[in-house]
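Numbered from 1 within each chain, the chains take letters A, B, ... in sequence-line order.
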2 protein chains.
Amino acid sequence: MGEDDDFLRLDLQVCFPLYAASNLFSRLYRPVLAKLGLTYPQYLVMLVLWEQAPQSVGALGERLHLDSGTLTPLLKRMEGAGLVTRQRDAADERRVLIALTEQGMALRQQARDVPQTLASGLSLSPEELIELRASVQHLVAVLASAEATVSPS
Amino acid sequence: MGEDDDFLRLDLQVCFPLYAASNLFSRLYRPVLAKLGLTYPQYLVMLVLWEQAPQSVGALGERLHLDSGTLTPLLKRMEGAGLVTRQRDAADERRVLIALTEQGMALRQQARDVPQTLASGLSLSPEELIELRASVQHLVAVLASAEATVSPS
DNA sequence: GCTTTTTATATTGTGCACAATATAGTTGAT
DNA sequence: ATCAACTATATTGTGCACAATATAAAAAGC
């Protein structure tokens, strides 16, 4: 008990720096995104929709690894803000299609400089960022497959 | 507008895989930690306290990059669960010292295998995990210093 | 055609995460 | 000693994140 060879030290965890980095990133984005009227998860939704719209709630959730319990109220707030519309798919009434409004599309221009604004404050080289991104993307793939293994459909 | 050379594509973001990995990790930990009666952030608090206790709320927050608005209710729930005690520091009445109860200390034995249980399900080599951990720890340091720069004390 | 199963989203309740603010305690400069 | 500035924690309100459950629509089996 209390030996130093156990694996419970905070500095030995992989999960903790990910957790801290995620929180710190969202804190760093907050004032920048506030000018656009977005929260950080809402910004991620906009990134997905700017690539392709309309999309169903489920498709958004699959891309972002979030479920309807998170997305539904978030999307309703975005609808209230005039950024997106929500309407049932006529072809499959179970689906709700999320589309961009004119305002939502226009917001892309204002968001254009957000990534570089933040990256510029980070004192990390582009190479470091690219390598880090690839590593964590790989981890996400591993975690997502582990999730699918544990709770099989 | 819509050119492919802008930086708004989700796959080009560093922040998004961190966000997804953090969520996926906490989802993966949830069923394991539930057996110990802990949530994932509560588990992190226990890791810190198992290293050293008692600690003030502020010291916990500094270590975990969390503020009192997050920690106070979390610690009250942990107090209610019988894992920690909360009492004012007699030497400085502004501080609240968080200490472990017998039950809180005993829980360490039950938690002993948690890290390896999770790591074993990940299909990542120990070398990959160590390198990833170092990269993200470095990022946390960079983000924390950026935070300090933006909002100077 | 009608029931069973599956699928897609919504709802409810709990627990973070954090900004803004409040409160109480401490320190420092006179 | 007194008061202004500062520090540590608590409170309030908003917005995620997710498990569990509900509801409704579609698909599949008979």
side-chain contact (heavy atoms from CB on, under 4.5 Å) between Leu47(B) and Leu44(B), worked out: CA-CA 5 Å; Leu47(B) 291 183; Leu44(B) 295 178; 4.2 Å; yes
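Judged by closest nucleotide on DNA chain D, Thr39(A) is the one of Thr39(A) and Glu93(A) placed further toward the 5' end. Checking Asn23(A) against Ala59(A), the closest nucleotide of DNA chain C that is more toward the 5' end is the one next to Ala59(A).
For the pair Asp92(B) CG and dT27(C) P, the computed distance is 6 Å after rounding to whole Å. dT9(C) atom P lies 11 Å from atom CD of Gln55(A), rounded to whole Å. Distance, Phe25(B) CZ to dC18(D) P: 14 Å, rounded to whole Å. Rounded to whole Å, atom C1' of dA20(D) lies 15 Å from atom CZ of Arg27(B).
Here the side chain of Leu66(A) is nearest to one of dA8(D), dA19(C), dC18(D), namely dC18(D). Picking from dC16(D), dA25(D), dA17(C) the nucleotide with the shortest atom distance to the side chain of Pro41(B) gives dA17(C).
For residues 56-71 of chain B, the salt bridge (charged side-chain N to carboxylate O under 4.0 Å, His left out) pairs, not counting sequence neighbours, are Asp11(A)-Arg63(B), Glu51(B)-Arg63(B).
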What protein N or O atoms touch nucleotides 10-13 of chain C N or O atoms at under 3.5 angstrom, if any, and at what distances?
from	atom 1	to	atom 2	distance (Å)
dA10(C)	OP1	Arg86(A)	NH1	3.1
dA10(C)	OP2	Thr72(A)	OG1	2.6
dA10(C)	N7	Ser68(A)	OG	2.8
dT11(C)	OP2	Lys76(A)	NZ	2.6

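Between Ser56(A) and the phosphate of dA8(C), there is no side-chain N or O to OP1/OP2 separation shorter than 4.0 Å. OP1 or OP2 of dG25(C) has not a single side-chain nitrogen or oxygen of Arg95(B) nearer than 4.0 Å.
Looking at Arg94(A), its side chain comes within 3.5 Å of the base of dT7(C) through a donor and an acceptor atom.
Among residues two or more places apart in sequence or in another chain, the salt bridge (Lys or Arg N to Asp or Glu O under 4.0 Å) test is passed with Arg86(B) by Glu79(B).
Classified by interplanar angle (parallel below 30°, tilted 30° to 60°, perpendicular above 60°), the ring pair Tyr29(A)/Tyr40(A) is tilted.
With contacts defined as side-chain heavy-atom distances shorter than 4.5 Å, the pair Leu49(B)/Leu60(B) qualifies.
Hydrophobic cluster membership is shared by Leu64(B) and Ile98(B), with clusters built from Ile, Leu, Val, Met, Phe, Trp and Tyr side chains linked at under 4.5 angstrom.
The CG atom of Leu118(B) sits 11.0 Å away from atom CG of Asp113(B), with the distance rounded to the nearest 0.5 Å.
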